[in-house]
Amino acid sequence: MMPPNEQESSFPKTPSANRHETSPVQENRFSSPSHVNPCLDDDNDHDGPSHQSRQSSVLRQSLRPIILKFEELTYSIKSQTGKGSYWFGSQEPKPNRLVLKCVSGIVKPGELLAMLGPSGSGKTTLVTALAGRLQGKLSGTVSYNGEPFTSSVKRKTGFVTQDDVLYPHLTVMETLTYTALLRLPKELTRKEKLEQVEMVVSDLGLTRCCNSVIGGGLIRGISGGERKRVSIGQEMLVNPSLLLLDEPTSGLDSTTAARIVATLRSLARGGRTVVTTIHQPSSRLYRMFDKVLVLSEGCPIYSGDSGRVMEYFGSIGYQPGSSFVNPADFVLDLANGITSDTKQYDQIETNGRLDRLEEQNSVKQSLISSYKKNLYPPLKEEVSRTFPQDQTNARLRKKAITNRWPTSWWMQFSVLLKRGLKERSHESFSGLRIFMVMSVSLLSGLLWWHSRVAHLQDQVGLLFFFSIFWGFFPLFNAIFTFPQERPMLIKERSSGIYRLSSYYIARTVGDLPMELILPTIFVTITYWMGGLKPSLTTFIMTLMIVLYNVLVAQGVGLALGAILMDAKKAATLSSVLMLVFLLAGGYYIQHIPGFIAWLKYVSFSHYCYKLLVGVQYTWDEVYECGSGLHCSVMDYEGIKNLRIGNMMWDVLALAVMLLLYRVLAYLALRNL
Ligand SMILES: Nc1ncnc2c1ncn2[C@@H]1O[C@H](COP(=O)(O)OP(=O)(O)OP(=O)(O)O)[C@@H](O)[C@H]1O
């Protein structure tokens, strides 16, 4: 069947106009006794009801409702399928592909909007744009109570992505507790924050698994549905005024999915604005939505009350094949260009594939035209005539601006430090790392067993080994830090939870114990086994130099990882770098040609080696350079070429590197 002619619909012009005539903040139909609780927004003061009434449920009412409007959103991406590549083939510019085309809508507090559409229709792109996290060029406007996406809106917005970004080694309780400590405002006590966590756990039915680890990858943990609920719980904790979710029910059984959607509806009824994308909802789920927006290849074909969808499509000539059809299935078929007639599979078999595609395209075009004709004009009018009634008084608004962060720097630092230590305790103290370091130290101790100054070449070789091994090892460990943390960092930073500085310092400080304990064990074993100078002072100074070198090498690794954000690329680059440092370090080649001799000055291993040799031998020290002959250690070719002088310069050079690489890593993270 070809699509019916674009009809003037008899469908009411404003599908949802009669739903929310009054200002949302004045509507008390959302307030059920169990839901009325003060909001815990960061800018909330303590004028609200008593502490006792906060405790019943996190599905309490939001005091800062948000009207979300989006007008004529259009988003395009550079197509990957342009002819030829940049280096080979033609230089034709790649065509842009429209992912969203003129999508408009309005969602008010108390409403649950579901975005439906076939796979690839642009649902994720739209919800990401509404959450203010879409990279690239988006045209059109999105406003939150008439304002653009500000950091204040950011903190009142919860965004649950399709893929759950959670730490796999933390338990459910730990995950939610750390989130609460970071995201809930400093005005709340720790006890109150923990009570919030307990409420979320019970509201989301996570009590049974609250002490199980999240898992992921090769680690067995909680189920996919439970993981999704933890992600939703993280957002619920902060009582967001606007909650956006990308396919929160995908991969879940129908009961769990219904439970999640029911929770979303309860959250909406508490005065929040809730928008979710959803794949193939059952009719039970569909009935829970207030509004739906149906997308077909980035274009809307329906936007309005969920209950009137059948009526609308009937009014423009599209009827379902039977009277007992799930409205979601029906609209998804339509969005794919499949009507009740084309759905007859026997007919599909007889038609040619091209005919079928043409027919589907023409159905889609007809639906888009009908939308533009019948639904878009009243929607546009509704969008332009709805104004938020901002009841936030000036004092609170000012406070919201000054309180950019929910918690203090110190609080952020200490929670992030504890969380990081907990998450990485398995890897930091992994038997494998300890075994590796212990075996290398024992092996090198045996190889250099009680070396003597008479065998100066061997002793100097041991010192060079110290500088190279403790350059490579921390550098390679540090490379993976930020590429691995990237998804979490992006997620948490885009929610405005903490400052980058508190995260960065917590992360680097958290790595220190293990980074410093292992070289300490190594030096202690190898120094004494290797027969280096039996002086406690020299030993301590050697240890300090190695630890200093470790910190610099760690900084280089962090910077490479943060700049490239790709562990593989960073590992390749650092292998080359360490090879250069190895060669330019001053041990293998003592007469480097002048034009390339500068290389050693950028090598931290060179300074470390120089310092190690400098503290090991004194100017008056001699060694046996032939039978009965004694030569000054400082005249030994390998040492003389190091030009050991005032060692403060070497210490200073390492200090500059220590600072420089860490600042570079920080700056690279800022551009994430
Ligand atoms: N950054 C990008 N690079 C390449 N293609 C993109 C990008 N972002 C979106 N797209 C394309 O845009 C289209 C819409 O993607 P989107 O993820 O929004 O669809 P969706 O409706 O959420 O799909 P699904 O239901 O399968 O998750 C897809 O064809 C996708 O391949």
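Just so you know, ligand 1 is whichever comes first in the structure, and atom 1 is the first atom listed for that ligand. These numbers come from the heavy atoms of this one structure, side chains and all, not from hydrogens, waters or symmetry mates.
Every atom of ligand 1 with a heavy atom of P118 under 4.0 Å away is listed here by number and element: 21 (O). Less than 4.0 angstrom separates some heavy atom of E247 from each of these atoms of ligand 1: 24 (P), 25 (O), 27 (O). The contact set between ligand 1 and H279, taken as ligand atoms under 4.0 Å from a residue heavy atom, comprises 25 (O). Distances below 4.0 Å separate heavy atoms of V99 from the following atoms of ligand 1: 12 (O), 13 (C), 14 (C). Atoms of ligand 1 lying under 4.0 Å from any heavy atom of R97, numbered from 1 in the order shown and given with element: 11 (C), 12 (O), 13 (C), 28 (C), 29 (O).
Looking only at distances, a side-chain donor or acceptor of R133 sits under 3.5 Å from a matching main-chain atom of S494. A donor-acceptor pair under 3.5 Å is formed between the side chain of K69 and the backbone N or O of V383.
Shown here for L166 and S231, the closest heavy-atom pair between the two residues is CD1-OG, 4.0 Å.
Ring geometry, F482 versus Y503: the interplanar angle falls from 30° to 60°, so the pair is classed tilted. Ring geometry for Y666 against Y504 counts as perpendicular: the plane angle is over 60°, on a 0 to 90° scale with 30° as the lower cut.
For ligand 1, the polar-atom distance check finds no N/O of Y75 at less than 3.5 Å from any of the ligand's N/O atoms. For ligand 1, one of its N or O atoms has an N or O atom of G122 under 3.5 Å away. At a 3.5 angstrom cut-off on N or O pairs, G120 counts as close to ligand 1.
When heavy-atom distances to ligand 1 are checked against a 4.0 Å cut-off, T125 comes that close through both its backbone and its side chain.
Each of R269, K108, R308, R265 was scored for a salt bridge (charged side-chain N to carboxylate O under 4.0 Å, His left out) with D290, with one residue passing: R269. Screening R229, K491, K228, R227 for a salt bridge (charged side-chain N to carboxylate O under 4.0 Å, His left out) with D164, the sole residue that qualifies is K228.
Residue contacts with ligand 1 leave out G298, since none of its heavy atoms falls under 4.0 Å from the ligand.
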